[in-house]
Amino acid sequence: MSDTRSSKGSETEQRLAYDFSEIEPKWQRFWEAEQVFKAPEKPKKDDKYYLLVMFAYPSGDIHMGHFRNYIYGDAIVRQKWMQGKEVLHPFGWDAFGLPAEQAAIKRGLHPAEWTMKNIGVSRDTLKKVGISFDWSREVTTCLPEYYRWSQWIFLKMYERGLAYRKDSLVNFCPTCNTVLANEQVEADGNCWRCGDRVVKKRLNQWFFKITEYADRLLQSLDELPGWPDRLKAMQRNWIGKSIGCEINFKLENSEIEIPVFTTRPDTIFGVTFMAIAPEAELLEKLDIPADRKEAVEQYIQKAIAKSEIERQAETDDKDGVFTGLYAINPFNGEKVQLWVADYVLASYGTGVVMAVPAHDQRDFVFAKKYGIPMKVVIKPEDGEAPNVAEMTEAYVEKGAMVNSGDFDGAVGQKAIEQVTDFAEQKGIGRRKVNFKLRDWLLSRQRYWGTPIPIIHCEKCGEVQVPYEQLPVELPMEGVDYIPKGRSPLADAEAWVNVACPKCGGPAKRDADTMDTFICSSWYMLRYVDNKNEQAPFDVEKANLWFPIDMYIGGITHATGHLIYFRFFTKFLHDLGMLEYDEPAERVFNHGMVMDSQGVTMSKSRGNVVSPIELIAERGVDVTRLAMYFAAPADREMPWTAEGLVGVERFLNKFYRLIEGAATAGGAIDIEKRFDSNSFSGEQKAVYIRLNQTIKKLTEDIENLQFNTAVAAIMEFLGNFDPAKIEDEEFSRIVTARVVQLIAPMAPHFAEEAWRMLGFEGSIFHSTWPAFDENAVQFDTVTVVVQINGKVRDQLEVDREISEEAIKELAFAREKVQKNIEGREVVKAIYVKGKLISLVVR
RNA sequence: GCGAACGUGGCGGAAUUGGUAUACGCGCUAGACUAAGGAUCUAGUGGUUGCAAAACCGUGAGGGUUCGAGUCCCUCCGUUCGCACCA
């Protein structure tokens, strides 16, 4: 055995039996030089495997969370290579956006400089940790060769009316000086980046009409069995489909119509007031009586000034103000008060609700507070109608209609249909589907993003930049990009002033940039053809590689990126550029890395563990194995350095085993077939255990159950002692097989071992071991004997023993006799190969 | 409030889906080898009782179904995550 107590200095005694600091870089260089992980241009459709990990935001160096994410994908693709698949495993950088810009400004650097520097550092690190990315496919979204095609897709959307501008009340972060998408406002109403309070502002902004795809985005979820249920549930919730009815009320003494959306048209006769959102545009059309005007205006101003957070905190306490106006219920001609109330959302439905306090809890609370009457119009099907005076909460269940004229007696869903039919016949309403999903606000008044390829001409209006003029490059010089509340590009005179592509007259470029989530909505397609200068990607190549077989990333993107990239995919499918209209067959959300106390790692808490330091100290493979082993891949992982100890010991043992097998000399014929009938007892046991382990590893890696995969190898080697086996060749083949099994998870170690055992070429071009289906079970099994549910004895029997024979054996046992003595056996159940259950009385 | 997931030794976690609970690893205890051990090897390690054989208890709590429940059903308790006035 070699002396391993060398080099590393006095502090860090080397723990491994081999010098990882020499071995690991050596194999990394080998993989790069031999292009071991280079994806083919055009794979064979049936043999391709596209594994995507979410690309990185280059905000510094990679951290433990990235590392965890990437080693999971890495193990899978390494196994796929060995299983003969043609693999695409690319990586890139989500390089535009606010965080980079802010970080750069803070350091007095240009965002491009800061970003490219971080990309360089992170790429180096990823190479040092030996992740098997095909670097020739690298994509960087802030480079013109990439964002040119983001602009191209934008224009395609624009041409189809899916990208449009409108005045809109938008989320605006005063600190970041920009508008935000709904998805970028945290649940508490604060900005996702700076955490400060978001306010509403009416601005002219660009939107993607993602709502046009709402139904398809929802429906396809049912056809994605490989997506986690939790994720699909979150998306369904976010899209939020409601089927209902739009009913037109009329303003009293006026031709103004007040449409409302309701999912409960069967409660129409119970409407006792209407409520309109403070921000609703309809409000501007109303002629508020003079004596109410001041009160109403004050209320509106107060409500709009309130942040989302305040309004959401008030779900129990609703307030509003009476407008002095009345609306007419088209079903019964009743006159009801029209209120302004901030519990009504301007952005959902029509911004007005018909309030039915007896049957809606919110309306109930509001009516109670302001003494507005209530009217019961629904009763339990087999019960009495609730008494208004005694109600402490709204009766929201469906039931039978009462006090509803000709509709009395109609029940549940049928009642809803009848009322809706009536409304449609009379032309006072119509069926309507509403979604919670809103159109995607995509423009940003910031510098560091993809310029929007639109030109505003005084004469021609909005004109698209001709395709041949793409990309509209983001100017690197001459822009003061420090945020001032309006687009920095608007002040870049040399850039913004252009000739109109249509009339040649004076015009200005649109000075907004695109939300970064646009860059990440189609990057998975650029990877298939990242150097294409004619199109975003080649259609044939995309169809060969798509769909993504496995997409790994955090759940944090559930209702953002993971919806957007589905939207883009469907759009490109509609353009005829993709056969598939869903991007990914399987999605896997890995858990987060926590510190040893179970607290999220963060710079501000100072509990961050650096993967770079860790691998420098203990080696990549040890760190990887410790992470695979520490917790199931989809769960939070509390990181402790103790976890490294076990895998270090294990790798040392394994290394010694390989040294032994290597010194035995001679070439190994790893495909040699054995006649298991000629095996000695111990040899046969090893053979069966090996086959069990191969089966386990084959399945566990495919299913991302790495913790049990590592355990299975440990268990196998714990029971494997070549000294007990006479057939030296057999032992060496077994050793080589186990090296193959661990290769996806400890790749450097495995390459080294592979070479030591006399093989040539990369182990990842060797063939993943097949298991012998006939040799995964032992001939004898342990059958336990339960008496009244308690285990009393166990028998070692032939696997195929008959039920009669084993019962006879069982009853003959002393321990069994002792326990059934003097009692009657009323039942005897035999579960093959597992147990006998006796019931005695 | 709604939705989802989870709760197993001192710790991280296993359990072929209803069939020997605690695999694998950490830690701990004892022993071996040593000048030495923070190296390595061997054995042990859920709890209680017992010299032992063995018995009883045991997967958040309580109940149920079953020959048999960590696993299925019901009622609670707790933790985590997501959504949150969507009419």
Side-chain angles (χ1 to χ4, degrees), chain A residues 1 4-5 13 15 187-188 228-234 236-238 240-242 244 260-264 267 275 277 311-316 318 341-345 347-350 352-356 359-363 365-366 396 434-438 555-556 558-559 592 596 598 625-626 629-632 634-647 649-650 652-653 656 692 695-696 699 705 707-716 718 776 782-794 815 826-829 831-840:
Chain A
M1 200 187 296
T4 58
R5 244 140 295 178
E13 185 186 346
R15 288 165 257 244
D188 58 7
D229 289 337
R230 176 172 59 140
L231 176 56
K232 286 189 281 190
M234 284 166 77
R236 281 195 190 97
N237 198 317
W238 189 259
K241 181 178 183 174
S242 308
V260 297
F261 174 74
T262 178
T263 54
R264 293 294 303 276
T267 64
R311 282 171 70 166
Q312 278 169 12
E314 286 170 2
T315 46
D316 301 331
K318 315 211 173 307
D342 71 357
Y343 77 90
V344 182
L345 302 175
S347 51
Y348 184 77
T350 62
V352 190
V353 300
M354 57 175 232
V356 186
H359 304 293
D360 180 284
Q361 186 57 27
R362 295 153 300 192
D363 301 342
V365 171
F366 193 86
V396 297
N434 259 323
F435 295 93
K436 288 188 198 173
L437 186 73
R438 308 290 146 81
I555 187 81
T556 39
T559 54
M592 291 206 293
S596 54
L625 283 179
F629 189 50
D634 57 357
R635 250 192 260 173
E636 278 180 2
M637 172 194 294
W639 176 255
T640 64
E642 280 92 71
L644 295 162
V645 176
V647 293
R649 286 180 189 153
F650 161 71
N652 283 340
K653 274 187 230 164
R656 284 187 207 107
Q692 288 172 338
K695 186 167 193 274
K696 177 90 178 138
E699 293 164 358
Q705 287 162 345
N707 54 334
T708 50
V710 175
I713 297 177
M714 286 177 167
E715 196 176 356
F716 177 81
V776 292
T782 307
V783 170
V784 300
V785 185
Q786 286 185 359
I787 296 167
N788 286 351
K790 286 198 161 58
V791 178
R792 296 299 181 188
D793 200 2
Q794 31 185 288
K815 284 179 183 173
V826 292
K827 213 180 233 185
I829 298 162
V831 180
K832 194 183 166 196
K834 287 201 173 124
L835 56 74
I836 298 174
S837 184
L838 303 178
V839 186
V840 297

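Remember, predicted model here, so these are calculated numbers, not experimental data. Sequence lines set the chain letters: A, B, ... in the order given, protein chains first and strands last, and positions in each chain run from 1.
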List the steps, then state whether side-chain contact (heavy atoms from CB on, under 4.5 Å) holds for A/I555 with A/R230. CA-CA 9 Å; A/I555 187 81; A/R230 176 172 59 140; 4.1 Å; yes
[X] [atom1] to [N] [atom2], straight-line distance once rounded to whole Å:
X      : N      : atom1 : atom2 : value
A/I787 : B/rA55 : CD1   : P     : 10 Å
A/E636 : B/rC6  : CD    : C1'   : 11 Å
A/Q361 : B/rA87 : CD    : P     : 15 Å
A/R649 : B/rU40 : CZ    : C1'   : 10 Å
A/N652 : B/rC41 : CG    : P     : 9 Å
A/R656 : B/rA39 : CZ    : P     : 13 Å
A/I555 : B/rC81 : CD1   : P     : 13 Å
A/K827 : B/rU66 : NZ    : C1'   : 9 Å

Is there a donor N/O on one and an acceptor N/O on the other, under 3.5 Å, for the side chain of A/Q786 and the base of B/rG19? yes
Can you tell me which nucleotide in [options] comes closest to the side chain of [X]?
X      : options                : value
A/A630 : B/rA87, B/rG12, B/rU20 : B/rG12
A/Y343 : B/rA14, B/rC24, B/rC85 : B/rC85
A/A631 : B/rC26, B/rA87, B/rG13 : B/rG13
A/M234 : B/rC67, B/rG82, B/rU20 : B/rG82

For A/V784 and A/K790, take the nucleotide of RNA chain B holding the closest heavy atom to each; which residue's nucleotide lies nearer the 5' end?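 Closer to the 5' end of RNA chain B: A/V784.
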Relative to the 5' end of RNA chain B, which residue comes earlier, A/K241 or A/V783, by the nucleotide with the nearest heavy atom?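 Its nearest nucleotide being more 5', the pick is A/V783.
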Any strand counts, and the cut-off is 3.5 Å on both contacts for Watson-Crick or G-U wobble. Which nucleotide pairs with [N]?
N      : answer
B/rU48 : B/rA55
B/rG19 : B/rC67
B/rC2  : B/rG82
B/rA61 : B/rU75

Give the ring-plane orientation class for A/Y348 versus A/F261, where under 30° counts as parallel, over 60° as perpendicular and anything between as tilted. perpendicular
Can you tell if the side chain of A/N788 reaches within under 4.5 Å of the side chain of A/V839, non-hydrogen atoms only?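 In short, these two side chains touch, coming nearer than 4.5 Å.
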Determine the contact category for [X]: base if any of its heavy atoms lies under 4.0 Å from a base atom, sugar-phosphate if only primed atoms, P, OP1 or OP2 are that close, otherwise nothing.
X      : result
A/V839 : sugar-phosphate
A/K832 : nothing
A/R792 : sugar-phosphate
A/A233 : nothing
A/K696 : nothing
A/T782 : base

Would you indicate, yes or no, if [N] has its OP1 or OP2 atom less than 4.0 angstrom from a side-chain nitrogen or oxygen of [X]?
X      : N      : result
A/R635 : B/rU79 : no
A/N434 : B/rA87 : no
A/K436 : B/rA87 : no
A/T640 : B/rC26 : no
A/Y348 : B/rA87 : yes

Is the base of B/rG82 syn or anti, if syn means a glycosidic angle within 90° of 0?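 Judged by the O4'-C1' to base torsion, B/rG82 sits in anti, the angle falling more than 90° away from 0.
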Could you check B/rU8 for me: syn (within 90° of 0) or anti?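 Anti conformation for B/rU8.
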B/rC6 and B/rG63: how far apart are their P atoms, nearest whole angstrom? 24 Å
After noting the C-alpha distance and the side-chain angles of A/V344 and A/V352, does the key distance pass the side-chain contact (heavy atoms from CB on, under 4.5 Å) rule? CA-CA 7 Å; A/V344 182; A/V352 190; 5.8 Å; no
